[in-house]
Amino acid sequence: MSGSLEGKAIIVTGSARGIGRACAVRCAQAGARVAVHGRHVTAALTETVEAIEQAGGSAIAVVGDVAEKAAVERIVAEALDRLGAIDGLVNNAGIGPFIDFLEVTEEEWDRVMAVNARGLFLMTQRVARSMIEAGRPGSICNVTSISGEKATNPQQVAYCTSKGAANMFTKAAALALAEHGITVNAVLPGTIETDINRDILADERVVRSITQATPLGRLGDVDDVAHAVVYFMSDESRWVTGALLAVDGGFIA
């Protein structure tokens with residue numbers, strides 16, 4: 001799969017660092033003009049844009065909370081204004097706090113659902129409308145988690161629940177948008193070291209238990225996910241929609 005994205009304009013949410021950054025960089029390397037997104041302007045956001053540009057790619061920065069409709073309107077409006085169109089959306093923004101179930105507050109539960117589920121809906125709906133208005137097909141890829149298919153950590157009940165919602169949203173949105181030529185798919189990462197879980201993975205015993213349960217015998221890296229995302233952004237996946245692709249070394253096989 002070459003995954004050429006030449007001439008495409010793509011928004012990648014939550015792309016200042018980690019998996020999102022890898023997705024933004026790989027999309028740019030494949031030829032896309034990329035809107036790199038963060039909740040706020042940060043050094044990491046600026047560095048991601050600069051890294052893409054220094055490598056010869058094209059990128060802009062857009063900011064806002066994907067859980068807020070007004071912010072989503074601004075994010076998409078700015079991307080349309082500066083990129084001219086939107087051909088693809090990678091919904092990567094997400095949060096996953098580790099909290100004992102009996103200690104989770106309503107506010108913490110609602111925030112996880114707001115970012116991981118409502119944000120997914122708001123961004124997808126707004127970008128889909130822009131694609132339909134422009135009369136051009138497009139691609140949407142949700143970066144969810146194997147935790148939406150298998151409860152993987154008792155301290156992430158809200159996160160697992162939100163990702164289960166995200167996986168079903170992917171299938172339902174694929175049906176809803178198919179008539180417009182818009183594909184909706186999801187990449188479900190397994191355990192990959194990011195800011196969310198770096199402290200947990202500092203424990204060698206935790207890493208050993210995960211790798212022993214993973215048929216391919218290792219943790220994933222951010223590029224493992226990014227390569228799959230580029231495929232779903234490319235025309236090579238034009239007859240694939242509603243798919244949930246686990247990128248997890250076989251963990252949930």
Side-chain angles (χ1 to χ4, degrees), residues 8-28 32-53 57-97 107-134 138-145 158-159 162-163 165-166 169-170 173 177 182 184 186-187 194-196 226 229 233:
K8 294 182 182 290
I10 295 171
I11 300 175
V12 184
T13 67
S15 48
R17 55 170 57 86
I19 291 173
R21 176 174 180 163
C23 292
V25 169
R26 288 298 182 184
C27 284
R33 292 167 291 132
V34 180
V36 179
H37 163 266
R39 187 179 178 190
H40 305 290
V41 175
T42 62
L45 182 69
T46 301
E47 289 166 4
T48 301
V49 172
E50 291 176 347
I52 290 172
E53 293 177 336
S58 176
I60 64 169
V62 292
V63 296
D65 188 342
V66 297
E68 298 178 1
K69 185 173 183 178
V72 167
E73 291 290 338
R74 290 194 302 271
I75 291 166
V76 176
E78 183 169 1
L80 285 168
D81 181 59
R82 298 177 64 186
L83 299 178
I86 300 173
D87 301 291
L89 168 66
V90 180
N91 281 310
N92 173 74
I95 57 176
E107 291 76 17
E108 289 164 337
W109 177 274
D110 288 346
R111 182 59 187 166
V112 171
M113 293 299 169
V115 175
N116 296 359
R118 185 168 74 225
L120 193 73
F121 156 66
L122 290 174
M123 284 296 302
T124 298
Q125 184 186 66
R126 181 63 186 88
V127 168
R129 283 174 175 162
S130 77
M131 292 172 174
I132 294 167
E133 289 166 2
S139 305
I140 295 169
C141 180
N142 302 320
V143 179
T144 64
S145 174
Y159 176 78
S162 71
K163 292 303 183 177
F169 173 82
T170 298
L177 297 174
I182 299 171
V184 186
V187 173
T194 64
D195 291 344
I196 289 177
V229 167
M233 288 292 99

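This structure is a prediction, so every number in the text was calculated from the model and none was measured.
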Backbone N or O of G38 within a donor-acceptor pair of the T42 side chain at under 3.5 Å? no
Smallest heavy-atom separation, V12 atom then G20 atom, equals CG1-O, 3.7 Å
Say whether, by atom type as modelled, one donor and one acceptor occur between the side chain of T13 and the main chain of N92 under 3.5 angstrom. yes
Pairing of R82 and E78 as salt bridge, 4.0 angstrom limit: yes
Do H37 side-chain atoms and G64 backbone N/O form a donor-acceptor pair below 3.5 Å? yes
Could you check whether any side-chain N or O of R118 sits under 3.5 Å from a backbone N or O of A67, counting only pairs where one atom can act as donor and the other as acceptor? yes
Taking all non-hydrogen atoms of both residues, which atom of A128 and which atom of I182 are closest, and how far apart? O-CD1, 3.9 Å
Smallest separation among heavy atoms of T48 and A16, with atom names: OG1-O, 2.8 Å
Set out, in order, the CA-CA distance, both residues' side-chain angles and the distance that settles side chain to side chain contact (heavy atoms under 4.5 Å, CB included) for V36 and V62, then state yes or no. CA-CA 6 Å; V36 179; V62 292; over 6 Å; no
If we ignore hydrogens and angles and just use 3.5 Å, is the side chain of R39 paired with the main-chain N or O of D65 as donor and acceptor? no
Nearest 0.5 angstrom please: L83 CG to I11 CD1, how far? 7.5 Å
Report yes if some heavy atom in the side chain of V143 is under 4.5 Å from a heavy atom in the side chain of V90; otherwise report no. yes
Look up atom CZ in F169 and atom CG in N116, then write down how far apart they are to the nearest 0.5 Å. 13.0 Å
Which value, rounded to the nearest 0.5 Å, describes the distance between R74 atom CZ and R126 atom CZ? 13.0 Å
Is there side-chain contact between V66 and L120, with at least one heavy-atom pair below 4.5 Å? no
If I take atom CE from residue M131 and atom OG from residue S139, how far apart are they, to the nearest 0.5 angstrom? 6.5 Å
Look at the side chain of S162 and the backbone N and O of V112, then say whether any donor-acceptor pair between them is shorter than 3.5 Å. no
With respect to L89, which candidate in N142, I140, V184, V76 satisfies the side chain to side chain contact (heavy atoms under 4.5 Å, CB included) definition? I140
State, to 0.1 Å, how close R26 and A226 come at their nearest heavy-atom pair, and which atoms those are. CG-CB, 3.6 Å
Quick one: closest heavy-atom pair of I86 and A79, and the distance? CD1-CB, 4.2 Å
Close side-chain approach of M233 to K8, heavy-atom, < 4.5 Å: no
Please round to the nearest 0.5 Å and tell me the distance separating atom CD1 of I52 and atom CZ of R21. 8.0 Å
Value rounded to 0.5 Å, distance of SG in C141 from CG in N91: 8.5 Å
Output, in order, the C-alpha distance, side-chain angles, deciding distance and verdict of side chain to side chain contact (heavy atoms under 4.5 Å, CB included) for V49 and V34. CA-CA 9 Å; V49 172; V34 180; over 6 Å; no
Exam field: side chain T144 to backbone K163, donor-acceptor pair closer than 3.5 Å: no
